[in-house]
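First the structure, in the form of structure tokens, and then the observations on it.
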Amino acid sequence: MAPILTHNSEVTASERSDNKENRIVQVKNPHLASMPEDYLYHFDLGTQTHNLQAMFGDVKFACVGGSANRMRTFAQFMHMELGLNGNGSNILDICAGTDRYSMYKAGPVLAVSHGMGAPSISIMLHELIKLLHHAKCCDVTFIRLGTSGGIGLDPGTVVITGTAVDSLLQPQFEQVVLGKVITRSTELDRELAQELLNCGKEIAEYPIIIGNTMCTQDFYEGQGRLDGALCSFSNDEKVEYLKKAYRAGVKNIEMESTVFAAMCHSCDLKAAIVCVTLLNRLDGDQITSPHEVLLEYQKRPQKIVSMFIKKQLGLLK
């Protein structure tokens with residue numbers, strides 16, 4: 001049995017440089033090959049019940065985000081941006097047989113919801129990576145599009161994650177496996193981040209930066225909020241913590257970046273995270289912008305990712 005990967009035994013740089021082109025999405029689980037069927041329960045898809053290669057073999061971009069509605073909107077947006085037949089209004093949820101996640105396809109772009117928090121996105125990523133592996137997809141780029149709380153940034157700023165860090169400001173994701181703590185690297189593709197930043201600068205309608213993203217296990221106390229049902233700290237302690245994070249390069253806070261980065265890195269997948277900030281946490285804890293303003297903010301990562309995808313497909317110079 002292959003050893004569980006840790007930050008000291010990740011895929012080496014030399015291994016990453018091999019077979020860059022036409023590289024099928026890989027899994028790191030030797031048991032899958034001996035299974036008569038792999039049923040992706042939370043997608044309601046299976047290797048025996050569906051022709052996954054016919055359904056998904058052309059996927060080149062796996063874009064994920066928390067909200068099912070947001071990912072449906074993104075898929076419709078990409079449908080129009082790629083000039084596909086129809087207007088995309090009747091795009092179907094491929095995972096309609098389950099109420100856990102939603103999945104939409106617009107040509108080579110797959111848009112999948114992942115819910116909130118590390119456990120939810122982890123489950124989804126296990127099945128998504130396996131799905132693309134079974135479909136024999138090659139050279140797939142993974143991008144998380146999300147919302148976040150900013151630190152020292154104006155609301156509406158787009159942060160492209162340079163490094164994903166945990167609540168202790170460490171670039172790692174820890175998980176207990178068989179009673180042991182397994183630590184995985186949260187390294188992301190720096191070249192991809194820069195390409196996305198360049199695309200964002202071409203739009204030039206709002207501030208876009210590369211910065212570190214802090215991932216927490218909770219929306220309230222875990223992110224230093226004073227407005228939850230429980231609170232064990234003062235406002236001064238909160239501000240001190242956020243400023244410490246800011247000094248360490250953290251520009252935004254969310255709840256999925258470390259596990260997303262760790263799983264993609266462990267499976268040698270090119271990955272990036274693009275999040276818009278909905279508020280400046282140094283100014284308060286509650287999101288108070290009008291609904292229509294928040295909707296416009298949420299479109300900002302989508303526009304950047306759309307431009308990147310179109311450039312990769314040769315639709316833009």
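The number of heavy-atom neighbours closer than 6.0 Å to CZ of Phe233, taken from other residues, nucleotides and ligands shown, is above 12. The 12-atom threshold is exceeded at CG of Asn235, counting heavy atoms of other residues, nucleotides or ligands nearer than 6.0 Å.
Asp93 contributes no side-chain N or O that, together with a main-chain N or O of Ser102, makes up a donor-acceptor pair within less than 3.5 Å. No donor-acceptor pair under 3.5 Å is formed between the side chain of Arg300 and the backbone N or O of Val158. Although no hydrogens or angles enter the test, the distance criterion places no donor-acceptor pair under 3.5 Å between the side chain of Thr213 and the main chain of Ile253. For Thr73 (side chain) and Asn69 (main-chain N/O), a donor-acceptor pair under 3.5 Å exists by modelled atom type.
At a threshold of 4.5 Å between side-chain heavy atoms, the hydrophobic network of Ile, Leu, Val, Met, Phe, Trp and Tyr places Phe308 and Val59 in two separate groups. Clustering ILVMFWY residues whenever any of their side-chain heavy atoms sit less than 4.5 angstrom apart, transitively, puts Val176 in a cluster other than the one holding Leu168.
Cation-pi geometry between Arg100 and Phe43 is not satisfied (NZ or CZ under 6.0 Å from the ring centre, within 45° of the ring normal).
Residues Asp154 and Tyr206 have side chains that never bring a donor and an acceptor to within less than 3.5 angstrom of each other. Neither side chain, Glu296 nor Gln298, offers a donor N or O lying under 3.5 Å from an acceptor on the other. A donor atom on one side chain and an acceptor atom on the other are not found under 3.5 Å apart for Thr216 and Asp218. Between the side chains of His79 and Asn87, no donor N or O sits under 3.5 Å from an acceptor N or O. Inspection of the Ser306 and Glu81 side chains reveals an N or O donor paired with an N or O acceptor under 3.5 Å. Side chain to side chain, Glu202 and Asn198 fail the donor-acceptor criterion of an N or O pair below 3.5 Å. No hydrogens or angles considered: a donor-acceptor pair under 3.5 Å links the side chains of Asp227 and Gln286. With hydrogens and angles left out, the side-chain atoms of Glu221 and Ser232 include a donor and acceptor closer than 3.5 Å.
Here the NZ atom belonging to Lys310 is positioned 8.0 Å from the CG atom belonging to Leu82, to the nearest 0.5 angstrom. We find the OG-CE distance between Ser113 and Met124 to be 7.5 Å, quoted to the nearest 0.5 Å.
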Show your reasoning for whether side chain to side chain donor-acceptor pair (under 3.5 Å) applies to Ser148 and Asn252. CA-CA 6 Å; Ser148 61; Asn252 64 332; 3.2 Å; yes
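Residue pairs satisfying the salt bridge (Lys or Arg N to Asp or Glu O under 4.0 Å) criterion with at least one member in residues 241-264, sequence neighbours excluded, are listed as follows: Arg144-Glu254, Arg144-Glu256.
Under the 30°/60° scheme for interplanar angles, the aromatic rings of Tyr41 and Tyr39 are found to stand perpendicular.
No option in Ile121, Leu125, Leu128, Ile94 other than Leu128 meets the side chain to side chain contact (heavy atoms under 4.5 Å, CB included) test with Val112.
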